[in-house]
Amino acid sequence: MNDDKNVGQVIHNKRKELSLTQEDLAEKVHVTRQAVSNWERNKTVPDDSMIAVLAENLGTNIDNFVSKNNKKQSGENTMSDKENTEQSGYKVNKYDTAMGLFYAMRTNS
């Protein structure tokens, strides 16, 4: 995968390579066609467990969904969380952070 591709582009390209419609992929991964459309248009991002399901159903590796900016490589400067958020265009608010922490704490108990 090219480093400048995002999750939506990976999903779209792999789906097209397999000659699947959005509806076909949605049925395979048990979501709505609208969810697939939103992922491909980068309106929403599939969660980590769904990335694994998508990778399996699209015949690719999970690593293809991870951009170079999110990989930490030794000897390289990495972007701060704020820079990553601003570059990706996704806004994270305090509520999202609190809910994420709540679920993380709940699953580790």
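Hydrogens, waters and symmetry mates play no part in the numbers below; they use all other heavy atoms, side chains included. Everything numeric here is computed off the predicted structure, so don't read it as measured data.
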Open item on the list: Are there over 12 heavy-atom neighbours, none belonging to D48, within less than 6.0 Å of that residue's CG?
Closed with: no
Task: Expected output: side-chain N38 to main-chain T44 donor-acceptor under 3.5 Å - done: no
Open item on the list: Just to verify, what does S19 make a side chain to side chain donor-acceptor pair (under 3.5 Å) with, not counting sequence neighbours?
Closed with: none
Task: Non-hydrogen atoms of N61 and A55 that approach each other most closely - done: C-CB, 4.1 Å
TODO: Return yes if a side-chain donor-acceptor contact under 3.5 Å exists between S37 and R33, otherwise no.
DONE: no
- [ ] Rounded to the nearest 0.5 Å, what's the gap from CD1 on I11 to OG1 on T60? Could you check?
- [x] 11.0 Å
- [ ] Identify the heavy atoms of V29 and M50 that sit nearest to each other, and give their distance.
- [x] O-CE, 3.7 Å
Open item on the list: For the CG atom of L58 and the CG atom of L25, what is their distance to the nearest 0.5 Å?
Closed with: 5.5 Å
TODO: Report yes if some heavy atom in the side chain of N6 is under 4.5 Å from a heavy atom in the side chain of V45; otherwise report no.
DONE: no
Open item on the list: So, taking the atom named CD in Q9 and the one named NE2 in H12, what distance separates them when rounded to the nearest 0.5 Å?
Closed with: 9.0 Å
Open item on the list: Under a 3.5 Å distance rule, please check whether D24 uses its side chain to pair with a backbone N or O of T21 as donor and acceptor.
Closed with: yes
Task: Between NZ on residue K16 and CD on residue E40, distance to nearest 0.5 Å - done: 8.0 Å
Task: Working for side-chain contact (heavy atoms from CB on, under 4.5 Å), residues E56 and V53 - done: CA-CA 5 Å; E56 182 178 332; V53 171; 5.9 Å; no
TODO: State the OG1-CD distance between T32 and E27, to the nearest 0.5 angstrom.
DONE: 11.5 Å
